[in-house]
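For reference, the structure discussed in these notes is given below.
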Amino acid sequence: MSSGRGQLILIEGLDRTGKSTQASILLDKFSKSKLLKFPDRSTKIGSIINEYLTNKSFTLPDQSAHLLFSANRWELNNEIIDLLNDGYFIVLDRYIYSGIAYSLAKFEYAKLNKEGNITSTVDKQIGDVNWLIGPDVGLPKPDLTLFLTIDLQELANRKGWGDERYELQEFQTIVKKSFLSIFELQKDDDTIEIVDVNNKDIPEVTELIWNLITKKGIHQ
Ligand code: T5A
Ligand code: NA
């Protein structure tokens with residue numbers, strides 16, 4: 001960009017919608033670029049998050065889990081600011097909207113009184129969008145957010161589905177509703193784009209994303 005500041009592009013979406021696939025393709029289109037994936041499981045806080053996601057007998061209050069995901073973003077805050085100031089094109093693979101959407105979905109899921117290992121109690125804070133947003137206030141705002149959306153039916157057929165804590169079809173249905181309700185609240189924000197990836201192969205999704213990026217005038 002002419003200002004010399006880099007750009008922050010966020011790819012959000014449900015589990016297995018192709019976020020990481022598209023993020024790495026996008027990265028190669030820019031000479032000075034960096035990929036940051038959240039949760040970043042390589043940090044101290046990230047290692048606790050990894051334990052939480054992969055070990056279903058490791059329990060945490062939902063509020064604590066929510067705050068850990070946000071704390072993990074704050075661990076990389078200075079790095080993001082420095083890279084942007086240095087003119088980097090940063091691709092984020094999940095970020096603040098995942099933080100809000102998954103916690104809100106746990107609240108809605110628990111309200112349905114489902115058996116399962118998402119959560120056993122309904123904690124009112126995680127149903128309160130203002131409470132959920134709070135810990136992320138002040139983090140750098142993406143210049144463009146691309147939300148990859150898909151029918152749950154198509155998603156269930158993808159490789160590797162079903163290994164982690166949140167990868168239950170019924171829960172993912174609620175996650176999808178949570179994301180869409182958050183984006184509905186932000187509908188006047190023209191930095192957010194919903195990208196329908198149904199029946200689209202990897203190159204077709206890349207083309208959709210690239211068209212949105214060029215439409216926004218984002219370049220290096
Ligand atoms: N979480 C995260 C929170 O609760 N709060 C938070 O604040 C944050 C940041 C882990 C969990 O953490 C939660 C959300 C998650 O449940 P993660 O490590 O990002 O987050 O885990 P996943 O989203 O599950 O990451 P995945 O790697 O599984 O999904 P991706 O990145 O969306 O999918 P990708 O690109 O790896 O592709 C999955 C498969 O589909 C194929 C790929 O080849 C691959 O096999 N694929 C396609 N197949 C057909 N057509 C296409 N267009 C395809 N694109 C990709
Ligand atoms: Na991923």
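All values reported here derive from a predicted model rather than from experimental measurement. Numbering of ligands and ligand atoms starts at 1, following listing order.
- Every atom of ligand 1 is numbered from 1 in the order shown, and the set under 4.0 Å from a heavy atom of Pro39 is 2 (C), 9 (C), 20 (O).
- For the pair Glu207 and Lys200, the salt-bridge criterion is not met [side-chain N within less than 4.0 Å of a carboxylate O].
- In terms of polar-atom proximity, Phe69 is not counted as a contact of ligand 1, lacking any N or O under 3.5 Å from an N or O of the ligand.
- Heavy-atom proximity to Thr17, at under 4.0 Å, picks out these atoms of ligand 1: 32 (O).
- In this structure, Glu204 does not count as a contact residue of ligand 1, since none of its heavy atoms falls inside 4.0 Å of the ligand.
- Taking all atoms of both residues into account, the shortest heavy-atom contact from Leu132 to Ile100 is CD1-O, 3.8 Å.
- Proximity of Lys37 to ligand 1, defined as any heavy-atom pair under 4.0 Å, is confined to the side chain (atoms from C-beta onward).
- The aromatic rings of Tyr109 and Phe171 stand perpendicular to each other, their planes meeting at an angle above 60°, with 30° marking the opposite boundary.
- Residue-ligand proximity, Thr21 to ligand 1, at heavy-atom distances under 4.0 Å covers atoms 34 (P), 35 (O), 37 (O), 42 (C), 55 (C).
- Near Arg73, meaning under 4.0 Å from one of its heavy atoms, ligand 1 places the atoms 6 (C), 7 (O), 9 (C).
- Residues Thr206 and Gln22 bring a donor and an acceptor atom of their side chains to less than 3.5 Å of each other.
- In summary, Lys34 and Glu79 engage in a salt bridge, as defined by a charged side-chain N under 4.0 Å from a carboxylate O.
- Looking only at atom types and distance, the side chain of Tyr88 has no donor-acceptor partner in the side chain of Arg5 under 3.5 Å away.
- Ring geometry for Tyr102 versus Phe179: interplanar angle over 60°, hence perpendicular rather than tilted (30 to 60°).
- Contacts with ligand 1 closer than 4.0 Å are made by no heavy atom of Ser70, backbone or side chain.
- For Gly13, the heavy-atom gap to ligand 1 stays at 4.0 angstrom or more.
- When Glu12, Lys200, His66, Lys19 are checked for heavy-atom proximity to atom 32 (O) of ligand 1, Lys19 turns out nearest.
- Nearest to atom 28 (O) of ligand 1 by heavy atom, out of Lys106, Arg16, Gln172, is Arg16.
- Asp40 and Arg73 are not joined by a salt bridge, as no carboxylate oxygen comes within less than 4.0 angstrom of a charged side-chain nitrogen.
- The pair Lys124-Asp62 fails the salt-bridge criterion, with no side-chain N (NZ, NE, NH1 or NH2) lying under 4.0 Å from an Asp/Glu carboxylate O.
- Inclusion of Gly99 in the set of residues having an N or O under 3.5 Å from an N or O of ligand 1 is warranted.
- Residue-level proximity to ligand 1 for Val197 is absent, since no heavy atom of it falls below 4.0 angstrom.
- In Glu154, neither the side chain nor the backbone holds a heavy atom less than 4.0 Å from any atom of ligand 1.
- Using a cutoff of 4.0 Å between basic side-chain nitrogens and carboxylate oxygens, Asp136 and Lys141 are not scored as salt-bridged.
- If you look at Arg94 next to ligand 1, the close heavy atoms, those under 4.0 Å, all belong to the side chain.
- Under a 4.0 Å criterion applied to the non-hydrogen atoms of Asp15, ligand 1 contributes the atoms 15 (C), 16 (O), 23 (O), 24 (O).
- In this structure, Lys177 places its NZ atom where only 12 or fewer heavy-atom neighbours from other residues, nucleotides or ligands lie under 6.0 Å away.
- Listed by number with element, the atoms of ligand 1 under 4.0 angstrom from any heavy atom of Asp201 are 52 (N).
- At least one N or O atom of Arg41, backbone or side chain, sits closer than 3.5 Å to an N or O atom of ligand 1.
- Using a 4.0 Å cutoff on heavy atoms, Gln22 does not count as a contact of ligand 1.
- By the 4.5 Å heavy-atom criterion applied to side chains, Leu92 and Phe38 are counted as neighbours.
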